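Note sheet for the following structure.
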2 protein chains.
Amino acid sequence: MKYIDKLRNSGLRPTKQRLQICEVLFNNEKTFHFTINELEQKIKDRIDTKISLATVYNTVHAFEKKGYLKQIPINSNQTYFDTNVTDHHHFYDLKDQKLIDLENSDVGPINIKKKISGKRIKSVEVLVKLED
Amino acid sequence: MKYIDKLRNSGLRPTKQRLQICEVLFNNEKTFHFTINELEQKIKDRIDTKISLATVYNTVHAFEKKGYLKQIPINSNQTYFDTNVTDHHHFYDLKDQKLIDLENSDVGPINIKKKISGKRIKSVEVLVKLED
DNA sequence: CACTTATTTAGAACCATTATAAACTGGTTG
DNA sequence: CAACCAGTTTATAATGGTTCTAAATAAGTG
Ligand SMILES: [Mn+2]
Ligand SMILES: [Mn+2]
Ligand SMILES: [Zn+2]
Ligand SMILES: [Zn+2]
C-alpha cells in the first residue's frame with residue numbers, strides 16, 4: 001500500500017481507519033486546506049464510514065508532527081491544516097473565510113535581517129489578508 | 001483625559017473600568033503582546049481592582065475593531081493581541097511561546113505578485129518561527 | 001429626583017480540543 | 001487452538017478559552 005510508509009514513519013500502524021484517512025488526505029489531484037470538522041465531513045462523504053473524532057485528531061496530529069501535514073497560523077476558532085507541505089504562503093479571504101495558496105514565486109524572496117542569538121529560523125510564513 | 005478619545009471613537013463611554021484598561025494597555029514606554037488572561041493579570045497587578053472578564057473582552061474587541069489593537073495570527077489556544085498597531089511582523093519563539101517584534105525594516109520589502117480579482121490586500125503579515 | 005439607557009458583573013452556555021477508559025483488533029506464543 | 005498482549009478505536013467526559021445572558025449598578029438627561 002502507498003500510505004503504509006507515511007503511517008509507519010509517523011509511529012502509527014496501518015489500520016483500516018488510518019488508511020481511509022490517508023485516502024482522503026493524500027489521494028488527490030490538488031492539495032487542500034481543512035479544519036478537523038471539514039475533514040470529518042470529507043471522510044463521511046468519500047468513504048461510507050464514520051471514523052471517531054479522536055482517531056481523526058490523533059492521526060492528523062501524528063502527521064503534522066512528522067511534517068506530512070502543516071498547520072496554518074491564522075486567527076480562527078478552529079485550527080487549519082494544509083496537505084501542501086512545501087514552503088509556501090497564503091491569502092486569507094476575510095469574507096469567505098477561505099485560504100488560497102501563494103507560491104513562493106508569488107512572493108518576493110524574504111530576507112530576515114534581525115537575528116536572535118541562540119535561535120534558528122524554522123519557518124517563514126506570510127499571511128495576506130484580503131477584503132472586498 | 002488622554003484615553004477618552006480612543007474610547008469615544010470606539011463607541012464606548014469612558015467609564016472607570018475602561019479607563020483603567022486603557023491605563024494598562026496604552027500608558028507604557030514600549031508596546032507589548034498579550035493574551036486576555038495576561039492582560040487580566042496585568043490589570044490586577046497595576047491597578048488594585050478586579051475588572052470582570054466580560055468587560056475586558058468587550059473593551060479589547062472594541063479597540064481591535066477600531067484598529068487601536070491588533071490581533072496576531074498565530075496557532076495557539078489563546079488569542080494574542082498587540083498594542084503595536086504599526087505595520088510590522090513577528091518572530092515566534094516556539095519553546096518559550098513568546099512573540100518578538102520584527103520591524104518592517106528587518107524584513108525586506110514584500111511584493112505580492114498574485115492578484116485575486118475583486119479583492120484588495122488589507123494586510124501582509126510575516127510570522128517567523130524560531131527553534132533552538 | 002424620576003426616568004432612561006449603557007455598563008458591569010457573575011455565572012452559564014458554547015464548542016473546539018484533549019483526556020479517559022472500556023471494548024476491540026490482530027499478531028504472537030505456549 | 002487458547003491465552004495473552006500491545007496497540008487501536010470509540011463513546012463519552014473533561015478542559016478551557018471565549019461568548020452570552022440577565023440581573024444589578026452607574027451614568028446621563030430633564
Ligand atoms: Mn493541535
Ligand atoms: Mn475575538
Ligand atoms: Zn496552503
Ligand atoms: Zn508586535
Side-chain angles (χ1 to χ4, degrees), chain A residues 1 3-4 6-25 33-44 47-66 69-81 97 99, chain B residues 1 3-4 6-25 33-44 47-66 69-81 97 99:
Chain A
M1 278 303 221
Y3 306 122
I4 292 181
K6 268 183 170 139
L7 286 165
R8 284 249 137 84
N9 198 251
S10 306
L12 303 176
R13 283 191 189 169
T15 63
K16 178 162 62 73
Q17 289 89 342
R18 286 170 181 163
L19 286 166
Q20 288 174 328
I21 293 172
C22 284
E23 200 65 36
V24 175
L25 285 176
H33 307 118
F34 65 93
T35 63
I36 296 287
N37 278 347
E38 288 167 357
L39 179 59
E40 217 200 354
Q41 193 53 54
K42 259 194 150 95
I43 291 166
K44 268 189 254 165
I47 323 287
D48 196 22
T49 323
K50 192 198 172 292
I51 295 176
S52 91
L53 203 49
T55 298
V56 177
Y57 271 103
N58 289 342
T59 307
V60 166
H61 282 144
F63 282 150
E64 196 243 333
K65 200 168 177 184
K66 276 292 167 180
L69 290 175
K70 279 207 314 186
Q71 246 184 277
I72 304 173
I74 200 174
N75 281 124
S76 168
N77 49 329
Q78 291 160 242
T79 304
Y80 275 82
F81 293 91
Q97 299 201 74
L99 286 159
Chain B
M1 279 304 223
Y3 305 120
I4 292 180
K6 270 187 169 134
L7 286 164
R8 284 248 134 86
N9 197 254
S10 305
L12 302 176
R13 285 189 188 168
T15 63
K16 178 162 62 72
Q17 288 89 341
R18 287 171 180 162
L19 287 166
Q20 289 174 327
I21 293 172
C22 285
E23 199 67 34
V24 175
L25 286 175
H33 307 119
F34 66 91
T35 63
I36 295 289
N37 278 347
E38 289 168 355
L39 180 58
E40 218 199 354
Q41 193 53 54
K42 258 192 151 98
I43 291 167
K44 269 190 252 163
I47 323 287
D48 195 20
T49 321
K50 188 198 174 292
I51 295 177
S52 91
L53 204 48
T55 299
V56 177
Y57 270 103
N58 288 342
T59 306
V60 166
H61 282 144
F63 281 149
E64 196 242 331
K65 200 167 178 186
K66 275 293 166 180
L69 290 174
K70 280 207 313 189
Q71 248 183 275
I72 303 173
I74 200 174
N75 281 122
S76 168
N77 49 330
Q78 297 168 210
T79 305
Y80 275 82
F81 294 91
Q97 298 201 75
L99 287 159

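To find a chain, count down the sequence lines: A is the first, B the second, and so on, and within it residues start at 1. Quantities reported herein were computed from a predicted structural model and do not represent experimental measurements. Below, all heavy atoms of this structure are taken into account, side chains as well, without hydrogens, waters or symmetry copies.
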query = Would you say the side chain of A/Lys42 lies within less than 4.5 Å of the side chain of A/Phe34, judging by non-hydrogen atoms?
reply = no
List the atom pairs, with distances to 0.1 Å, where a side-chain N or O of residues 47-58 of chain B and a protein N or O form a donor-acceptor pair under 3.5 Å, not counting sequence neighbours.
from	atom 1	to	atom 2	distance (Å)
B/Thr49	OG1	B/Gln20	NE2	3.4
B/Ser52	OG	B/Thr55	N	3.4
B/Ser52	OG	B/Thr55	OG1	3.3
B/Asn58	ND2	B/Ala54	O	3.2

request  = Could you check how far CD of A/Gln20 sits from C1' of D/dT10, rounded to whole Å?
outcome  = 15 Å
query = Starting at CZ of A/Phe34 and ending at P of C/dA16, how long is that distance when rounded to a whole Å?
reply = 16 Å
remark   = Separation of D/dT15 atom C1' from B/Asn77 atom CG, nearest Å, is 11 Å
Interatomic distance, B/Gln78 CD vs C/dT18 P [rounded to whole Å] = 13 Å
inquiry  = Without decimals, in angstroms, what is the distance between B/Asn75 CG and D/dG17 P?
reply    = 16 Å
key: Flag side-chain contact, heavy atom, 4.5 Å: B/Pro14 against B/Arg8   = yes
message = Just so I know, are the side chains of A/Tyr80 and A/Pro73 near enough to count as touching, which here means a heavy-atom distance under 4.5 Å?
response = no
request  = Apply side chain to side chain contact (heavy atoms under 4.5 Å, CB included) to B/Leu69 and B/Val60, showing your working.
outcome  = CA-CA 7 Å; B/Leu69 290 174; B/Val60 166; 3.9 Å; yes
request  = Evaluate the criterion side chain to side chain contact (heavy atoms under 4.5 Å, CB included) for residue pair B/Arg18 and B/Tyr3; output intermediate values, then yes/no.
outcome  = CA-CA 9 Å; B/Arg18 287 171 180 162; B/Tyr3 305 120; over 6 Å; no
task = Rounded off to whole Å, could you give me the CD1-to-C1' distance for the A/Ile43 and D/dT10 pair?
result = 14 Å
ask   = Does a side-chain N or O from A/His61 land closer than 4.0 Å to OP1 or OP2 of C/dT18, or not?
value = yes
query = Does B/Tyr57 put a side-chain nitrogen or oxygen below 4.0 Å from OP1 or OP2 of D/dT19?
reply = no
Nearest-nucleotide comparison on DNA chain D, the residue closer to the 5′ end among B/Asn37 and B/Arg8 = B/Asn37
ask   = Tell me, for nucleotides 5-14 of chain C in 5' to 3' order, what letter each nucleotide earns: B for a base near a protein heavy atom under 4.0 Å, S for only sugar-phosphate near one, - for neither?
value = -SSSBB----
request  = Could you check how far CD of A/Glu38 sits from P of C/dA16, rounded to whole Å?
outcome  = 11 Å
message = Tell me the interatomic distance from B/Tyr80, atom OH, to D/dG17, atom C1', rounded to whole angstroms.
response = 13 Å
Whether B/Ser76 side chain and B/Gln78 backbone form a donor-acceptor pair below 3.5 Å = yes
